[in-house]
Amino acid sequence: MTRRLSIAIVGAGMGGLAAAAALRRVGIDVTVYEQAAQFARLGAGIQIGCNAMKVLRGLGLESRLRGQSFYPRSWNNRDWRTGDVKFDMIFGESAEQKFGAPYLLAHRGDLHAALASAVPDEVVKLSHKLVGLDETGAGVRLTFANGATAVADAVIGADGVHSVVRDILFGNSPVHFTGRIAYRTTYPAALLGGEKIDDCTKWWGEDRHIVIYYVKPDRSEVYLVTSQPEPNFRIESWSAKGDVRDLRASFEGFHPQVGEVLAACPDVHKWAIMDRDALDRWSDGKVTLLGDACHPMTPYMAQGAAMAIEDAAILSRCLEDVDRDSIEAAFRRFEATRKPRTSRVQLSSRTNTWLKERMDPDWVYGYDAWNEPLAELEVA
């Protein structure tokens with residue numbers, strides 16, 4: 001009887017946990033190593049596109065996410081001052097029928113917790129910061145800052161934009177400061193004092209925008225995220241605080257609905273928006289990268305996490321029924337299947353024009369990672 005593959009996943013974010021759940025689904029033993037001592041519930045929203053929901057359905061998470069998330073009628077794009085509609089991308093039941101899954105708006109912490117629920121607790125090792133990787137005759141040896149070591153048949157680096165796995169494989173990846181920053185926060189909708197807001201709206205200004213939506217099915221929590229120029233701010237951290245007074249001043253003159261949301265906002269986080277080029281290749285030997293570690297992207301299409309979640313499904317299909325000797329070929333097939341799509345999304349997101357005007361979004365939301373044809377590799 002063939003021994004089951006053992007795969008170590010570095011990083012317990014969205015992509016890492018999705019990969020763990022998907023690989024277990026096809027009978028692969030996984031262990032997830034996460035540098036944080038505990039999972040933090042960040043004050044952030046996330047848009048779960050129909051394409052990501054199809055993967056999450058396959059992981060058994062659809063019912064849970066429907067119960068915790070907001071089901072918007074549309075993603076409405078409006079002029080910053082007049083409120084005139086530029087393009088109202090209708091979601092709800094019609095999009096669900098068209099694309100085969102719902103479009104949901106969630107708290108990022110709820111999505112992460114759902115993914116964590118699909119992986120047994122004993123599979124996730126917290127407080128394990130990777131410091132070294134070495135391929136040996138027995139497999140890939142991982143070394144951690146706490147002194148622990150582990151050996152696996154293969155390693156997946158799902159450790160985000162600051163990926164240690166990527167840096168070990170390919171050296172430091174250059175970071176491009178966009179000269180723009182983002183504010184973000186979630187807060188109780190009760191602070192709006194009864195004022196009503198749209199389900200989900202992106203307010204387009206001349207050199208800035210703000211996205212506002214609910215993240216709970218009962219409309220009890222509001223999320224906002226912005227993008228605006230601030231060339232000298234270079235802190236790329238999800239925990240850095242911003243000044244809510246500066247945020248309000250940045251959007252003075254915007255539509256009254258924006259003003260009401262910002263007036264009620266108690267505090268915000270602030271980070272610099274970076275951009276990174278896609279890697280030429282994602283794997284080296286029996287180590288590969290996934291999600292932001294290999295194809296990080298700007299947030300303007302709300303598809304960063306979705307791409308990592310899609311990666312997880314495709315990678316599990318490439319590794320299903322594979323033996324140790326075929327891992328490298330499976331990783332090449334994964335990259336060949338995914339790179340055209342992730343590169344297209346990465347470049348499209350960079351322009352910050354998604355849904356600003358009427359366009360065809362089918363290529364994004366219609367994608368089904370469970371059934372997408374896998375790339376055929378040339379036989380040497």
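Computation of the quantities below employed the complete heavy-atom set of this structure, encompassing side-chain atoms and omitting hydrogens, waters and symmetry-equivalent molecules. Note that this is a predicted model, so its numbers are computed, not measured.
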Taking it one step at a time, do R180 and S227 satisfy side chain to side chain donor-acceptor pair (under 3.5 Å)?
CA-CA 6 Å; R180 301 183 69 81; S227 173; 2.9 Å; yes
Determine whether D88 and S74 satisfy the following criterion, side chain to side chain donor-acceptor pair (under 3.5 Å), listing intermediate values before the conclusion.
CA-CA 6 Å; D88 194 14; S74 71; 2.6 Å; yes
Will you find, in the side chains of S349 and T298, an N or O donor that is under 3.5 Å from an N or O acceptor?
yes
Decide side chain to side chain donor-acceptor pair (under 3.5 Å) for E96 and Y71; before the verdict, give the C-alpha distance in whole Å, the side-chain angles of both, and the deciding distance to 0.1 Å.
CA-CA 11 Å; E96 184 170 348; Y71 189 69; 2.6 Å; yes
Within 6.0 Å of CD in E135, more than 12 heavy atoms from elsewhere
yes
Do the side chains of R73 and C200 get nearer than 4.5 Å, heavy atoms only?
no
Nearest-0.5 Å distance that lies between atom SG in C265 and atom CG in D267
6.5 Å
Classify the side-chain pair D79/W204 by whether it contains a donor and acceptor separated by less than 3.5 Å.
no
Restricting to side chain to side chain donor-acceptor pair (under 3.5 Å), what partner residues turn up for K54, sequence neighbours left out?
none
List for me each residue that meets side-chain contact (heavy atoms from CB on, under 4.5 Å) alongside A369, sequence neighbours excluded, and say none if there are none.
V55, E310, A313, I314, Y367
For Q303 and N51, what are the C-alpha separation, side-chain angles and deciding distance, and is it a side chain to side chain donor-acceptor pair (under 3.5 Å)?
CA-CA 9 Å; Q303 281 291 315; N51 49 314; 2.8 Å; yes
Using the ring-ring contact (aromatic ring centres under 6.0 Å, His included) rule, collect all pairs that involve residues 149-188, keeping only residues at least two apart or in two chains.
none
Is it true that F334 and F331 have ring centroids separated by less than 6.0 Å?
no
Interatomic distance, S250 atom OG to I210 atom CD1 [nearest 0.5 angstrom]:
9.5 Å
Spell out, as yes or no, whether a donor-acceptor pair under 3.5 Å connects the side chain of R333 to the backbone of A375.
yes
Surrounding CG of D84 (heavy atoms of other residues, nucleotides or ligands, distance under 6.0 Å), is the total greater than 12?
yes
Check this for me: R66, atom CZ, are more than 12 non-hydrogen atoms of other residues, nucleotides or ligands nearer than 6.0 Å?
yes
State whether the number of non-hydrogen atoms from other residues, nucleotides or ligands found under 6.0 Å of D280 atom CG is greater than 12.
no
Should W203 and I212 count as side-chain neighbours, where that means a heavy-atom distance under 4.5 Å?
yes
Check the surroundings of atom CD in E206: do more than 12 heavy atoms from other residues, nucleotides or ligands lie under 6.0 Å from it?
no
For H255 and W80, I'd like to know if the aromatic rings sit close, meaning centre-to-centre distance below 6.0 Å.
no
Value rounded to 0.5 Å, distance of CE in M53 from CG in D368:
12.5 Å
Heavy-atom distance under 4.5 Å between the side chains of L374 and R317, does that happen here?
yes
Check the orientation of Y103 and Y365. Use parallel for under 30°, tilted for 30 to 60°, and perpendicular for over 60°.
perpendicular
Which pairs, with at least one residue in residues 22-54 and sequence neighbours excluded, count as a ring-ring contact (aromatic ring centres under 6.0 Å, His included)?
Y33-H128, Y33-F144, F39-H112
Which ring-ring contact (aromatic ring centres under 6.0 Å, His included) pairs, counting each pair once, include a residue from residues 291-328, with sequence neighbours left out?
H209-Y300, W282-H295
In chain order, what residues pass the side chain to side chain donor-acceptor pair (under 3.5 Å) check against D362, with sequence neighbours excluded?
K98
Evaluate the side-chain proximity of I9 to I156: yes if any heavy-atom separation is below 4.5 Å, no if none is.
yes
Beyond-backbone contact of T143 with L130, side-chain heavy atoms, under 4.5 angstrom:
no
Please check this pair: side chain of S326 against backbone of V322, looking for a donor-acceptor N/O pair closer than 3.5 Å.
no
Rounded at 0.5 Å granularity, tell me how far CD in E335 sits from SG in C318.
11.0 Å
